[in-house]
Number of protein chains: 2
Amino acid sequence: MSKKSASAGADTETRATSEHAPDLRLWLRTLACTNLIENHIRARLRAEFGITLPRFDLMAQLERSPQGLKMGELSKRMMVTGGNVTGITDQLVAEGLVVREDSPKDRRAYIVKLTPEGRRSFRKMAEAHESWIVELYAGMDEKQRNQLYELLAAVKTSASTAAAKKK
Amino acid sequence: MSKKSASAGADTETRATSEHAPDLRLWLRTLACTNLIENHIRARLRAEFGITLPRFDLMAQLERSPQGLKMGELSKRMMVTGGNVTGITDQLVAEGLVVREDSPKDRRAYIVKLTPEGRRSFRKMAEAHESWIVELYAGMDEKQRNQLYELLAAVKTSASTAAAKKK
DNA sequence: TTTTGATATTTTAGGCATGGATATATCATT
DNA sequence: AATGATATATCCATGCCTAAAATATCAAAA
């Protein structure tokens with residue numbers, strides 16, 4: 001455990017480092033939190049269920065949409081590229097956890113759905129997964145969590161807006 | 001069906017879900033925000049400087065530690081595995097942006113440092129990078145950003161503590 | 001000294017992720 | 001119908017990332 005001394009700005013040569021815009025520090029802290037939680041969840045899903053996080057995430061999307069989802073829809077919701085979804089889906093199909101059905105409306109598209117086994121398997125994992133998340137936030141009180149939830153909505157709005165402008 | 005919860009009137013669906021869903025939603029929103037920003041930054045670093053985000057991140061760590069860092073230290077700070085750092089470092093060495101120096105104290109270890117060109121190159125990119133981050137948070141006022149910054153400290157503490165317990 | 005255990009890094013194999021290119025299907029106009 | 005633009009998904013090359021095993025060094029005990 002490296003104790004990153006918070007006051008590393010004691011350097012005489014502070015240049016850009018301690019001049020870091022508060023926004024940058026905010027972003028780096030956000031990233032650190034996400035990595036911390038994500039790495040923990042990833043390791044545990046692997047250790048306890050032998051599944052990868054991306055596969056779990058894809059199944060989670062399907063469980064929320066029992067009518068199934070098109071590949072492109074999965075791509076949007078998971079915020080990853082289409083080619084990526086193709087690969088993860090291939091794996092899950094090979095494991096018998098999801099199926100690709102031809103879309104009756106659009107012959108370009110597939111509808112991806114959980115198989116009964118996929119649904120069963122996912123529900124078991126999801127229960128554990130959720131309890132891990134609860135554990136990870138257990139050190140915060142409800143007010144803090146609600147505040148955080150609201151602030152993140154503001155981040156989402158702000159970042160989406162700014163990103164759209166630059167496109 | 002398992003009655004591990006004392007909650008009466010549980011529906012047929014997972015009772016844990018309806019009980020603890022707020023934490024899960026909080027986590028998913030955090031993840032969405034991070035991906036949104038990270039994908040934007042990644043694409044822009046590539047488009048404007050032809051560099052990948054992991055390479056930029058590694059250089060950023062070195063710029064903050066002019067005395068250089070050991071591979072393992074980089075791994076810890078970047079929150080990625082050692083093997084990963086090996087690969088990224090190899091690439092940066094090939095591009096002439098960093099060097100591996102033998103540690104005088106420990107013949108197992110390397111000290112990785114930015115080359116003068118690496119430092120020059122990084123500073124230029126870092127300036128742009130920082131301005132992009134500022135843009136992305138521009139839709140939030142300072143009070144919100146400060147609140148968020150503090151709340152994330154609480155997340156970090158909470159998650160670290162919980163993760164440590166399970167190890 | 002030799003053994004033992006911990007530490008530092010690389011290597012390997014497999015899977016995830018992007019961006020770009022391709023193939024095919026659909027839609028909106030002619 | 002024919003045209004061209006758009007949408008859907010896949011394939012490819014490259015690079016990131018992890019976990020586990022391999023290699024080498026260090027430090028301290030037996």
Side-chain angles (χ1 to χ4, degrees), chain A residues 1-2 31 34-36 38-59 68-95 98 100-112 167, chain B residues 31 34-36 38-59 68-95 98 100-112 167:
Chain A
M1 302 309 172
S2 68
L31 203 49
T34 302
N35 285 337
L36 187 60
E38 192 166 282
N39 287 344
H40 179 76
I41 296 294
R42 182 195 313 280
R44 241 170 135 176
L45 275 176
R46 177 190 179 83
E48 303 192 17
F49 297 107
I51 199 176
T52 64
L53 185 51
R55 288 179 208 182
F56 177 84
D57 285 343
L58 194 152
M59 292 175 79
L69 290 171
K70 293 194 295 182
M71 300 294 283
E73 196 56 41
L74 273 170
S75 165
K76 253 185 243 164
R77 299 196 189 194
M78 298 176 68
M79 304 183 88
V80 298
T81 58
N84 193 356
V85 172
T86 297
I88 300 171
T89 302
D90 285 348
Q91 300 273 7
L92 288 170
V93 167
E95 297 179 53
V98 311
R100 265 187 255 239
E101 295 180 357
D102 291 331
S103 167
K105 288 288 177 195
D106 187 339
R107 283 194 324 200
R108 291 169 300 181
Y110 292 118
I111 307 290
V112 185
K167 265 220 143 172
Chain B
L31 201 50
T34 301
N35 284 337
L36 187 60
E38 192 167 283
N39 287 343
H40 179 76
I41 296 294
R42 183 195 311 283
R44 239 169 138 177
L45 276 176
R46 178 190 179 82
E48 302 193 17
F49 296 108
I51 199 176
T52 65
L53 184 51
R55 288 179 209 183
F56 177 84
D57 286 344
L58 194 153
M59 292 176 78
L69 290 171
K70 292 195 297 180
M71 300 295 282
E73 196 57 41
L74 274 170
S75 166
K76 256 185 240 165
R77 300 197 188 193
M78 298 176 69
M79 304 182 86
V80 298
T81 58
N84 193 357
V85 172
T86 297
I88 300 170
T89 302
D90 286 348
Q91 301 273 6
L92 287 170
V93 168
E95 297 179 52
V98 311
R100 265 188 255 240
E101 295 180 357
D102 292 329
S103 168
K105 289 288 175 194
D106 187 341
R107 284 192 324 196
R108 293 168 302 180
Y110 294 116
I111 307 289
V112 186
K167 266 217 131 178

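All values below come from the heavy atoms of this structure, side chains included, with hydrogens, waters and symmetry mates left out. Chain letters run A, B, ... following the sequence lines, proteins first and then strands; every chain starts at 1.
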Worksheet item: If you look at every strand shown and take non-hydrogen atoms under 4.0 Å, does B:L53 touch a base, only sugar-phosphate, or nothing?
Response: nothing

Fill in: Atom-pair distance (CD on B:E101; C1' on C:dA8), nearest Å
17 Å

Worksheet item: What's the CD-P distance between A:E38 and D:dC16, to the nearest Å?
Response: 17 Å

Worksheet item: Mapping A:A43 and A:D106 onto DNA chain D by nearest heavy atom, which one lands closer to the 5' end?
Response: A:D106

Worksheet item: Quick one: A:M78 CE to D:dA9 C1', roughly how many Å, whole number?
Response: 16 Å

Fill in: Student check: side-chain heavy atoms of B:R42 and B:T52 closer than 4.5 Å
no

Worksheet item: What about B:R108, does its side chain sit under 3.5 Å from the base of D:dT25 through a donor-acceptor pair?
Response: yes

Discussion item. Applying a 4.0 Å non-hydrogen cut-off, can you work out what A:M79 is touching in the nucleic acid: base, sugar-phosphate, or nothing?
Written reply: sugar-phosphate

Discussion item. Measure CD1/A:I51 against C1'/D:dA19 and give the value in whole Å, please.
Written reply: 17 Å

Practice prompt. Would you mind classifying the nucleic acid contact of B:G87 as base, sugar-phosphate or nothing, using non-hydrogen atoms under 4.0 angstrom?
Written response: nothing

Worksheet item: Under 4.0 angstrom, heavy atoms only, what part of the nucleic acid is B:G72 near: base, sugar-phosphate, or nothing?
Response: sugar-phosphate

Discussion item. If you only use heavy atoms from C-beta on, which nucleotide in D:dT10, C:dT9, D:dA19 is closest to the side chain of A:R100?
Written reply: D:dT10

Worksheet item: The side chain of B:V80 lies closest to which of these nucleotides: D:dT10, D:dC17, D:dA9?
Response: D:dC17

Worksheet, complete the sentence: Among the nucleotides D:dT18, C:dT26, D:dA19, whichever has the atom closest to the side chain of A:R46 is D:dA19

Discussion item. I want to check something: taking the side chain as every heavy atom from C-beta on, are A:L92 and A:I88 in contact at a cut-off of under 4.5 Å?
Written reply: yes

Worksheet item: When the distance from CZ of B:R55 to P of C:dT18 is rounded to whole Å, what number comes out?
Response: 17 Å

Worksheet, complete the sentence: B:R44 atom CZ is separated from C:dT18 atom P, nearest whole Å, by 19 Å

Practice prompt. Return the 5'-most residue of the pair B:K70, B:R42 with respect to DNA chain C, ranking by each residue's nearest nucleotide.
Written response: B:K70

Worksheet entry | Nearest listed nucleotide, side chain of B:Q91, among D:dG15, C:dT10, C:dG19 | D:dG15

Discussion item. Given 3.5 Å as the limit, does a donor-acceptor pair link the side chain of A:S75 with the main chain of A:V80, or not?
Written reply: yes

Discussion item. With a 4.0 Å limit, can you tell me whether B:N84 has a side-chain N or O closer than that to the phosphate oxygens OP1/OP2 of D:dC16?
Written reply: no

Practice prompt. Write down the distance between OH (A:Y110) and P (C:dT26), rounded to a whole number of angstrom.
Written response: 12 Å

Discussion item. Is any side-chain heavy atom of A:L69 closer than 4.5 Å to one of A:I111?
Written reply: no

Fill in: Spacing of B:K105 atom NZ relative to C:dT7 atom P, expressed in whole Å
19 Å

Worksheet entry | Closest nucleotide among C:dT9, C:dT18, D:dA19 to the B:T81 side chain | D:dA19

Discussion item. Check this one for me: any side-chain N or O of A:R107 less than 4.0 Å away from OP1 or OP2 of C:dT24?
Written reply: no

Worksheet item: Looking at the side chain of B:M71, which of C:dT10, D:dT18, D:dA9 is the nearest nucleotide?
Response: C:dT10

Worksheet item: C:dC16 phosphate, OP1 or OP2: any side-chain N/O from A:T52 under 4.0 angstrom?
Response: yes

Discussion item. Do A:L53 and A:E38 make a side-chain contact, defined as non-hydrogen atoms from C-beta onward lying under 4.5 Å apart?
Written reply: yes

Fill in: Taking every non-hydrogen atom, the tightest pair across A:T86 and A:M71
CA-CE, 3.6 Å

